[in-house]
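Written below as structure tokens is the structure these notes are about.
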Amino acid sequence: MKRTTEQRIKCRKLLLLFLCVILVLCNVFTCVCASQETASSEYFIGNNRETLDLDGTWNWTSTALFEGELPDTLPKDITFDKELMIPSYTALSEDLTKGEGSLIWYAKKFSLANKPQESVILDFGVGESVKAVYVNDMKVDTDNLSSFFKIGENTVVLVKEILPEKPNKYHFVDKIKLVFSNAPVITSAEISTNITESSVSFEISLYNARNSALKTDVFVKIYDADANIKGTYELKDVDVLENCNTTATVTGITIEDFSEKTAWSANKPYVYTASITVSGDSVEIPFAMMQEGLFNTDGYKYGMDIVVSEFFANEKNIGYTWNKEWITSLFKYFKEFNWNVITFRDGQLPEIWAEAALEEGILLVDKNNDEAWKNSQEALWKADVDFITKATELKNASQDSCIIPVVYSAEDGLFNKAPELTGISKIRLQNLFKTSQTPENTDVKKDEDKGFIAGTIDYFKEMITKTFIKDNRYQLFLTGLGNTLLVAAAATLFGVFIGIIIAVIKVVHHQSVLSKKRNLILSFFNFIAEAYTAIIRGTPVVVQLLITYNVIFVFSDEAVMIGIFAFSINSGAYISEIIRAGINSVDKGQTEAGRSLGLSQFTTMKSIVLPQALKNILPALGNEFIALLKETSVIGYLGVVDLTRAGELIRSRTADAFFTLIFVAAVYFVLVFGLSALFKYFEKRLSKSDKN
């Protein structure tokens, strides 16, 4: 009876110790999260912008116009009996565009693996806006659709209006995408450039789907075509009101080393990329310095003028204008004549044109708001003008750019295939528009081919400069190395504490079973310990990391601390088994000797068994620390700049995977080799003490 009472007291003490350790760990974690300030860096935790492309086959139907507002739920009698491809221009039948008008209903089904957490925005591109949106049969009256979606199959229905006074025969949408992000979401970014002042400005629209206002910093970085930073701007503490859009204005970012010759080139039309980052979102937007001053620069050569309204009004073009393969072939054909610039007016080009232009080195210039430009072109290019003669005249007048309009009034439709300019006409055009400029390096004698060794040395010199010296990129590696070591060391330390507690619970419970003196409280904690070990060892560390970040600490952006917490829990399960094995390796006589001296079971475990067990398991603990050091490379999933993530970021800047990734692998190898040598040294010291 006395021994049973003592055992209960010991279990209570053990339970109290366990709760105290957990409480201390939670308090430490909370305090660190609360006290750590957000770093002034371009990398934010939570920038997990994802898009779901809803292009492809949609079902559609038409109904008569509703009088008043559309119903709050999708009408049950709507049956989607026709199909179309989006993006597409859809030729609607004439009966839909006459009389009292019509409503066009588009439906699309898709599945989601999990419910969106914060913000879901519907992006239509440059197409026409819709009259209403239904998600899962419910009419949506807000910009944020996250609360309307569910796990599994979802249905989106778009409703567009055809009015008799605006028949809009060729009804279309540019694209349909769902944008998933944290708050605030970057919904748009208008770019304006100033060649005279060598600067660029932004009007950034931010949407906050939360029910409370928030503050965010806005970071903008400008990169050139070689990924060099050419300008930065930081806008502090922008107030984004709840459930609405807020505009953040970033003005006058000066582009370093800018000149008109670097404003645009045929091979790299979108010379610059703007990286815009806020606390909940991040986007990259390619752009060129598109202003009037460019038309007199050396690099801006020739072009053509597309009148969009006439282009898309031609029935012959339906089926081709949204075909990326056809658009790409058209661009390649234009480039044969050095038509590397396309200005468009009287309408918007679909986004698929911008994608193809970016890939093919075609610069698209929007002239929709430039009436002077429109009038000058219409006066210059009349219906009876021979465009080859007129182009020759402009060329002889030493004009840098030759804007040639494309005529769309041909009965057969000019763009139902690539323009047919063959024979003498094609040769005349090719000769006319061949660049007369001599490459800058033609007057410089090329160096003789270098040998393998000299070429290799030059390569490493160049890569060392690009990888470490340029833009102080070595600092990113140092930051990544520091985060890697911090997470690994802290997680191992906390993992040892957790492992000791779990191991002691299991060993004491096992001893009580052998002595046939079961304790319900101890059995309960043993059950929890066994379940914890089984779950942690049975699931991937990446999944545990994402669950910790996206579920447990969903409202925290302290990713480093969250990573330490997740890896501590993961490491604790493995270390507990190592420690348990170490305790079992200690001779039972040590325990019996301690008890015979009058020591309690807790004191015997703390002062006699655990020190010997830790000495026995030191090699295994060293291996666990090394394994954890390498496992931390997955913390980049949370946006933390660790060593691996730093290597990926530098690789994206240098465009050379070999040198950067080999360097990262070498750093890991040196760390592991050094740690292995350190643990071997400690083992030798301990073995000496054994001999003594």
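Keep in mind that what you see is a predicted model, and the values were worked out from it rather than measured.
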Practice prompt. List in chain and number order the residues that pass side-chain hydrogen bond (donor to acceptor under 3.5 Å, both in side chains) with Glu256, two or more places apart in sequence or in another chain; answer none if no residue qualifies.
Written response: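 In terms of side-chain hydrogen bond (donor to acceptor under 3.5 Å, both in side chains), with neighbours along the sequence ignored, Glu256 is linked to no residue.
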Roughly how far apart are [X] [atom1] and [Y] [atom2], rounded to 0.5 Å?
| X | Y | atom1 | atom2 | value |
| --- | --- | --- | --- | --- |
| Asn208 | Leu214 | CG | CG | 4.0 Å |
| Glu50 | Lys177 | CD | NZ | 13.5 Å |
| Thr187 | Asn245 | OG1 | CG | 4.5 Å |
| Ile626 | Leu629 | CD1 | CG | 8.0 Å |
| Asn228 | Ile222 | CG | CD1 | 13.5 Å |
| Phe149 | Leu52 | CZ | CG | 8.0 Å |

Worksheet entry | Full working for side-chain contact (heavy atoms from CB on, under 4.5 Å) between Trp58 and Ile176 | CA-CA 11 Å; Trp58 284 62; Ile176 302 179; 3.4 Å; yes
Side-chain touch [X]/[Y], heavy atoms, less than 4.5 angstrom:
| X | Y | answer |
| --- | --- | --- |
| Leu178 | Leu122 | yes |
| Ser119 | Ser146 | no |
| Ile469 | Tyr474 | no |
| Val664 | Phe477 | yes |
| Ile204 | Val238 | no |
| Ile285 | Tyr270 | no |
| Ile186 | Leu206 | yes |
| Thr73 | Met138 | yes |

Measure across [X] and [Y] and return the closest heavy-atom pair with its distance rounded to 0.1 Å.
| X | Y | answer |
| --- | --- | --- |
| Ser576 | Thr533 | OG-OG1, 4.0 Å |
| Ser633 | Asp642 | CA-OD2, 3.2 Å |
| Leu545 | Ile635 | CD2-CA, 3.7 Å |
| Ile276 | Ala189 | CD1-CB, 3.8 Å |
| Thr57 | Lys108 | O-NZ, 3.1 Å |
| Tyr574 | Arg537 | OH-CA, 3.7 Å |

Is a donor on one side and an acceptor on the other found under 3.5 Å between the side chain of [X] and the backbone of [Y]?
| X | Y | answer |
| --- | --- | --- |
| Asn243 | Leu241 | no |
| Asn136 | Phe148 | yes |
| Asn144 | Val120 | yes |

Worksheet item: Any salt bridge between Asp217 and Lys236, counting N to O under 4.0 Å?
Response: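 Yes.
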Discussion item. One thing to verify: whether Glu648 and Arg645 come together as a salt bridge, which I'm taking to mean a side-chain N less than 4.0 angstrom from a carboxylate O.
Written reply: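 No, this pair does not count.
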Discussion item. Under the criterion side-chain contact (heavy atoms from CB on, under 4.5 Å), I'd like the reasoning laid out for Val133 against Lys139: C-alpha separation, chi angles, the key distance, then a yes or no.
Written reply: CA-CA 6 Å; Val133 177; Lys139 186 180 177 183; over 6 Å; no
Fill in: Chi angles and distances behind the side-chain contact (heavy atoms from CB on, under 4.5 Å) call for Ile229, Tyr223
CA-CA 5 Å; Ile229 297 177; Tyr223 297 94; 3.3 Å; yes
Fill in: More than 12 heavy atoms from other groups under 6.0 Å of CG on Asp72
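Atom CG in Asp72 is not packed in, count stays at 12 or less.
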Return a table of donor-acceptor pairs under 3.5 angstrom between the side chains of residues 491-503 and protein atoms on other chains or two or more places apart.
unit_1: Thr492; atom_1: OG1; unit_2: Ala488; atom_2: O; d: 2.7

Worksheet item: Any salt bridge (charged side-chain N to carboxylate O under 4.0 Å, His left out) pairs touching residues 519-533, not counting sequence neighbours?
Response: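 For residues 519-533, and leaving out neighbouring residues, the salt bridge (charged side-chain N to carboxylate O under 4.0 Å, His left out) pairs sorted by first residue read Lys506-Glu530.
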Show the atom names and distances, to 0.1 Å, of all donor-acceptor pairs under 3.5 Å that link a side chain in residues 563-571 to residues at least two apart or in another chain.
unit_1: Ser568; atom_1: OG; unit_2: Ile564; atom_2: O; d: 2.6
unit_1: Asn570; atom_1: ND2; unit_2: Gln544; atom_2: OE1; d: 2.9
unit_1: Ser571; atom_1: OG; unit_2: Glu624; atom_2: OE2; d: 3.3

Discussion item. In this structure, is the centre-to-centre distance between the rings of Phe202 and Tyr233 below 6.0 Å?
Written reply: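 No, the ring of Tyr233 stays outside the 6.0 Å limit from the ring of Phe202, centre to centre.
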Practice prompt. Hey, could you give me each pair passing side-chain hydrogen bond (donor to acceptor under 3.5 Å, both in side chains) that has a residue in residues 476-489? Not counting sequence neighbours.
Written response: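 Residue pairs passing side-chain hydrogen bond (donor to acceptor under 3.5 Å, both in side chains), neighbours aside: none found.
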For a quick test of your reading: what N or O donor-acceptor pairs under 3.5 Å do the side chains of residues 665-680 make, sequence neighbours left out?
unit_1: Tyr668; atom_1: OH; unit_2: Thr644; atom_2: OG1; d: 2.9
unit_1: Ser676; atom_1: OG; unit_2: Val672; atom_2: O; d: 2.8

Practice prompt. Take Phe180 and Leu112, measure what side-chain contact (heavy atoms from CB on, under 4.5 Å) needs, and give me the verdict at the end.
Written response: CA-CA 12 Å; Phe180 299 83; Leu112 292 177; 4.2 Å; yes
